[in-house]
Amino acid sequence: MLDIKFVRENLNVVRESLEKRGMEADLDRFAELDEKRRKLLFDVEQLKHIRNTVSEEIAELKRVGKDVQEKTLSMRVLSQKIKSLDAQVRELDVALKGMMLDIPNIPHPSVPIGADERDNEAIRCWGEPPKFDFEPKAHWDIGTKLGILDFERAGKIAGTRFALYWGLGAQLERALINFMLDLHTREHGYLEVFPPILVNEGSMIGTGQLPKFSIELYKCQDDDLYLIPTAEVCVTNIHRDEILDGRLFPLKYVAYTPCFRREAGAAGRETRGLIRQHQFNKVELVKFAKPEESYDELDSLTKDAEEVLRRLGLHYRVVVLCTGDLGFSASKTYDLEVWMPGHGTYKEISSCSNFEDFQARRANIRYRPEPKAKLRYVHTLNGSGLAIGRTVAALLENYQQKDGSVIIPKVLRPYMGGVDRIKGR
RNA sequence: GGAGGAGUCGCAUAGAGGCUGAGUGCAGCCGCCUGCUAAGCGGCUAACCCCGAUAGAAUCGGGGUUCGAGGGUUCGAAUCCCUCCUCCUCCGCCA
């Protein structure tokens with residue numbers, strides 16, 4: 001959420017930012033309702049002032065045993081008036097809050113302007129695509145043939161866009177989770193957390209999934225609970241409604257969780273394989289930072305995620321998302337895209353974002369910069385470090401051999417009981 | 001799931017319709033006093049919103065709101081009533 005005062009005083013900045021994103025909002029209506037609300041609020045507060053004063057007088061009169069009837073009667077009228085004005089203010093509050101919750105974050109000035117992912121800018125590359133003396137296969141063919149991935153039975157159990165892992169496939173998934181958690185906790189200084197993955201509506205509003213993107217979420221029918229689409233939700237909301245100690249910044253958390261997405265807008269896209277699943281595992285990095293340090297923290301968070309790919313020996317590039325591709329809550333996002341030989345393309349495997357104070361304002365997460373200073377909103381950041389299913393896909397495609405087996409990178413072997421190659425069941 | 005109890009300023013607690021603009025203690029900060037420390041004395045220790053002053057984020061003045069959340073009763077609610085949430089105790093069920 002943007003600061004309502006900022007929006008009030010910078011309507012054009014907000015309008016421009018919406019335009020850059022290719023989005024719309026009725027800002028004229030916002031201005032009108034906001035104006036109306038403040039006028040009403042001013043009126044009702046004046047009436048409340050009278051009520052407070054007269055109530056005091058009534059108390060005083062009763063104390064000395066004087067008649068109070070006349071004042072009480074006139075106050076009864078005033079009180080009704082206040083009640084009705086209060087209701088009107090509340091109505092406008094709800095309308096304005098609703099509008100504010102639907103306005104996306106303002107992109108950072110360094111974000112390239114563009115319409116969609118084709119306008120994203122690649123800023124760096126690491127490694128080389130592996131060379132094959134045969135036609136590299138897609139990971140679903142490799143995995144199915146090796147008997148470690150079973151999409152048919154997953155479809156029977158749950159439906160399309162679900163996967164069943166067997167044997168070394170399941171172990172590889174688990175090995176990657178542990179490898180990533182160990183790397184981030186032992187070498188990058190993150191604190192491991194294991195949060196609830198069913199969360200309430202307040203948490204979803206806090207990070208920006210609700211109210212606008214409910215179509216992407218799985219909701220429990222009989223409870224006010226949602227399955228998380230990313231650990232960003234539960235980990236960022238750890239500090240909802242808290243005042244944090246700025247001396248401890250940056251706070252760095254890492255969490256492994258399953259994630260659940262309805263993929264409502266992706267019908268027909270990437271229906272095969274592990275790339276786009278309703279349920280997938282992810283190791284997520286989350287930071288709480290001071291505003292003046294948050295972009296440095298974004299850079300180091302991105303590097304922390306990149307380190308996973310480097311150690312796995314996977315060729316990747318880093319792109320800056322353009323305004324049209326930028327997420328609703330983000331000010332700036334770097335995507336890590338891993339090379340997928342079976343597809344012949346790069347695929348997003350991590351998304352690292354700075355939300356500035358957008359989520360902090362929604363979730364009410366603040367800190368006091370100095371002992372006597374005013375409270376400020378923190379900046380929140382997060383990034384995948386990494387998406388596990390997509391990493392499995394990338395490993396299968398990049399390390400596939402002519403005989404259909406797949407080499408396990410050295411760093412994972414200790415996590416696989418020393419297995420150096422998957423040759424099938 | 002059932003039955004009780006509780007949620008008040010950083011922590012601990014008082015408060016039971018109007019002398020509460022929420023008191024007290026602790027911790028913390030700033031003074032004073034002091035050879036040093038301790039003690040003592042005085043002060044400060046909440047957030048948000050609206051209006052006004054100023055070129056302004058700062059700051060100042062006025063007003064409003066907030067005692068878990070939301071409604072209600074009343075001229076007036078921390079206090080009474082209703083709904084919900086969270087925590088604790090006991091019972092039942094359960095990995």
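Chain letters run A, B, ... following the sequence lines, proteins first, then strands; residues in each count from 1.
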A:Arg366 atom CZ is separated from B:A46 atom P, nearest whole Å, by 14 Å
So, are A:Lys39 and A:Asp43 salt-bridged, with charged N and O less than 4.0 Å apart? yes
Is A:Lys39 touching bases, backbone alone, or none of the nucleic acid, heavy atoms closer than 4.0 Å?
nothing
Indicate the ring-plane relationship of A:Phe162 and A:His278, choosing parallel, tilted or perpendicular according to the 30° and 60° boundaries.
tilted
When rounded to whole Å, the CZ to P distance for the pair A:Arg38 and B:C49 reads 13 Å
I want to know whether A:Tyr367 and A:Phe249 have ring centres closer than 6.0 Å.
yes
Ranking B:C75, B:G18, B:G64 by distance to the side chain of A:Ala59, first place goes to B:G18
How would you label the contact of A:Lys48 with the nucleic acid (heavy atoms, under 4.0 Å): base, sugar-phosphate, or nothing? sugar-phosphate
query = Using the C1' atom in both, what is the distance from B:G31 to B:A16, to the nearest Å?
reply = 40 Å
| What does A:Arg8 touch in the nucleic acid at a heavy-atom separation under 4.0 angstrom: a base, only the sugar-phosphate, or nothing? | sugar-phosphate
Checking B:C49, B:G71, B:G18 against the side chain of A:Arg90 (C-beta onward), the nearest is B:G71
A:Leu92 atom CG is separated from B:C50 atom P, nearest whole Å, by 14 Å
Problem - Validation row, ring centre A:Phe288 to ring centre A:His379 under 6.0 Å - result: no
Whole-Å distance, A:Leu225 CG to B:C85 P, equals 12 Å
Check: Do the charged groups of A:Glu270 and A:Lys347 touch, with an N to O distance under 4.0 Å?
Finding: yes
Sticking with atom C1', work out how far B:G15 lies from B:G25, rounded to a whole angstrom.
15 Å
query: What is the nucleic acid contact for A:Arg376, judged by heavy atoms within less than 4.0 Å: base, sugar-phosphate only, or nothing?
result: nothing
request  = Verify the ring-centre separation between A:Tyr218 and A:Tyr226: is it less than 6.0 angstrom?
outcome  = no
When rounded to whole Å, the CD1 to C1' distance for the pair A:Ile243 and B:A47 reads 7 Å
In whole Å, measure the gap between the C1' atoms of B:C49 and B:U45 for me. 22 Å
Between NZ of A:Lys81 and P of B:C75 the distance, given in whole Å, is 18 Å
key: Rounded distance in Å between the C1' positions of B:C75 and B:G5   = 35 Å
From the candidates B:C50, B:C75, B:A47, the one with an atom nearest any side-chain atom of A:Phe42 is B:C50
Between B:U65 and B:G21, how far apart are the two P atoms, rounded to whole Å?
12 Å
**Item:** C1' atoms of B:G28 and B:C9, separation to the nearest Å
**Value:** 14 Å
Note to self: Just to be sure I understand the rule, does A:Ile58 reach a base, reach only the sugar-phosphate, or reach nothing, if contact means heavy atoms closer than 4.0 Å?
What the structure shows: base
**Message:** At 4.0 Å (heavy atoms only), tell me whether A:Leu73 reaches a base, stays on the sugar-phosphate, or touches nothing.
**Reply:** nothing
Looking only at B:G18, B:G64, B:U65, the nucleotide nearest the A:Glu45 side chain is B:G64
